[in-house]
Structures are given as structure tokens and as C-alpha cells.
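Report on one structure; see the data block that follows.
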Amino acid sequence: MTHAKAPGKIILFGEHAVVYGQPALAVPVKDFFAEAEVLDINRAGIWISAPDIGLHEELSRLASENPLATLVEAVFSTLGINSPPSGGCEAVSSPDTRRTEWGRKLDAKNGIEIKITSTIPIASGLGSGAAVSVAIIRALSAYLSSPLDDEKVNEIAYKVEKIHHGTPSGIDNTVVTYGKPIFFIKDNPIELLEVATPFTLLIADTGIPAPTKKSVADVLKLWEQNPKKMNALFAAAGSIAKTARQAIEGGHPERLGALMNENHRILQELDVSCQALDYLTEASLNAGALGAKLSGGGRGGNMIALSTKENAPAIAEALYIAGAKKVILTEVR
Ligand code: MEV
């Protein structure tokens, strides 16, 4: 059996604008995570089970555009295994040692089960899809005796993100793969973010599923209608992300509050906020948060609020009273 874990994530600054080449900041959230196990089973085929969503299916029976099927097949092809053995389980014959070993492992009686569990709420802007992908890629490649490096893991996870989100920037899979705070610009080499002074964030869930694929597509429609205005909004978000990086690396996290409020206003203009997100944001500010904004695709999912350690419990209570379904306190370091 092999097993791997991957954290959730939050976007601190720059969501949506990052799709258009602007910088954004994201951090892993290790308070919740996805986990994948690969087990030998006495049954033919490659079985994928995700008890949380009621899935238990043989790979060849999943639609080819299914993200999990795409993922498993991408791991095989990256490792040079062109056609993973199916339920029929013809042994793979190849001069390549890895393939031969793999072929030996599977026959009509023996297969594998890839079991996925996750504590990350689905469709909440917390990177659940990316974390599931990264955990599976790591567990499966380790099971096949060829653990993939971060760069390859990230590349495969990005491929699957495109199925989930249409035209993603790649920020989610990158922060989840590297498990460290990042300053991210699409198609540029990854830059790690040095957090000079740790800070406290509350993450509050509206309980409304975040339709990221749709909100990303809707922002594109707005951009097509008015590129000049939209480019100015994206640039403003990008410059907030740059200033926020200086505050984080310079040891002034208290400066992030005003930047978060400003970024939230931009996201409202991009039409990706919603009543519940605005309500939670207001409630946290009224309870003493230093700043607050939605995080991720928006129109549901989660918001984040910056707090001192001392004020955090009072803000959490205010968020629950305002209707948050769940509030998590996390330390960014
Ligand atoms: C989703 O977590 C972040 C978005 O900016 C989309 C993306 O970057 O792919 C909304």
C-alpha cells in the first residue's frame, strides 16, 4: 500500500485577475487535506473509490473526460505505461522494467484500488479538486515505484484543473503541490513567499457551492464586453498583490487588512461576490477584523478575514451569527 496527502489552499489576493496574467498570492491550508491510498486487491482492474461522494468504479467504466480517469491515465502515460491494464487485465508486456513489474502485479485476480478521502469541502474555493489530484498522483506514482517530482505532479494536476475549471491560471494546483505560500504569475516560474511574521486568518464558509468554472467564464464575458475597464480592474488587483507581498515579506501583516478590503471591492466589480459573501465580510469587519474578502472563484464558497489572535474568537462568533456554516482559524506562516 502507498499513501499520500495534499493540503487545501486559500487565495489571499488576486483571484480572477491571475487568469489574465496578474500576480496573485496563495497559501496552503494544512488544517484540511485530501488523502489517497493505493491498495492491492483480490479483484481484477483499477478501482477508484471515493466514499465521500459515493464513487466506487472500475477505471475503464468511467467516462474518458472524467477528471479521475484523466488523472490516472496521465500518471500512466507520464511513466511510459501507454495503456493501463483494464478490468480484463491483459498483462502489460514491455521491455521496460517498470511496465513489466506493473504487468506482474495485475492479472485476472489481482488489481488495485485507489481510495480517496478528503476533509476539504467540495466546491468551496479551498482547492479540493487540486488536492485530490495531487494526492492521487503522488500515491499512484509511488506505488508504481516511480515517485514523480513536484514539477511533474504540478503539470499533471494542472491538466485535470482544466477539466474542473475551464481556463484555470494554475495557481490552485501549484500551491497545493508545493505546499508553501506562493507569489504566482501564470506561465512564470514559481516564486515562494517568505512569511516574515505569521498572521491569523479566519476562513468562513457560506455553505453555497462556488461555481468556479462559471464565474471564470462570466468574467471572460465581461472582459469581452469591456476589455479596457476589466484590464484596469485586473491591474489594480495585481498591484494589490505586489504590495501585499511586500507587507508579508517585510513583516507587516497588519497592512494586509486594507488591501483585502480593496481587493474585495474589485471582486464585487467583477461580479463574483454574492450577498452571503458580502454579508460575512461586513460581519467580520464589524466584529473587529482588520480586513476581509472573498477567496477563490466566489459566488459562494469561502471568505477570509484577517484578525489579531486575541480578536479571532469574537470574529468567529460574529461570523457564525451572520450565517457562516463553518469557521476555521488558521495561522499563515
Ligand atoms: C480559483 O481558486 C482561482 C481563480 O482565479 C481561477 C484560477 O486562477 O484558475 C478564480
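Both counts, for ligands and for their atoms, begin at 1 and track the order of listing.
Surrounding OH of Tyr279 are at most 12 heavy atoms belonging to other residues, nucleotides or ligands under 6.0 Å away. No more than 12 heavy-atom neighbours from other residues, nucleotides or ligands sit within 6.0 angstrom of NZ on Lys152. Gln275 CD: 12 or fewer foreign heavy atoms inside a 6.0 Å radius.
At least one N/O-N/O distance between Ser169 and ligand 1 falls below 3.5 Å. Geometrically, ligand 1 and Lys9 share a nitrogen or oxygen pair separated by less than 3.5 Å. Inclusion of Thr212 in the set of residues having an N or O under 3.5 Å from an N or O of ligand 1 is not warranted.
With ligand atoms numbered from 1 in the order given, ligand 1 contributes 2 (O), 3 (C) to contacts under 4.0 Å with heavy atoms of Ile11. When each atom of ligand 1 is checked for a heavy atom of Glu15 under 4.0 Å away, the hits are 5 (O). If you number the atoms of ligand 1 from 1 as listed, the ones under 4.0 Å from a heavy atom of Ile171 come out as 8 (O). Remark: ligand 1 atoms within the under-4.0 Å shell around heavy atoms of Asp172 are 1 (C), 2 (O). If you number the atoms of ligand 1 from 1 as listed, the ones under 4.0 Å from a heavy atom of Pro168 come out as 9 (O). For ligand 1, the atoms sitting less than 4.0 Å from at least one non-hydrogen atom of Val18 are 5 (O), 8 (O), numbered in the order shown with element in parentheses.
The aromatic rings of Trp223 and Tyr20 sit tilted, their planes meeting at an angle between 30° and 60°.
The only member of Ile171, Thr177, Asn173 that meets side-chain contact (heavy atoms from CB on, under 4.5 Å) when paired with Tyr158 is Asn173. Each of Lys115, Glu37, Glu113 was compared with Ser49 under the side chain to side chain donor-acceptor pair (under 3.5 Å) criterion, and only Glu113 meets it.
A donor and an acceptor atom, one from each side chain of Ser124 and Asp205, are nowhere located under 3.5 Å apart.
Ligand 1 does not have Gly125 within reach: every non-hydrogen atom of the residue lies 4.0 Å or more from it. The shortest heavy-atom distance from His16 to ligand 1 is under 4.0 Å.
The shortest heavy-atom contact between Ala196 and Glu249 is CB-O, 3.4 Å.
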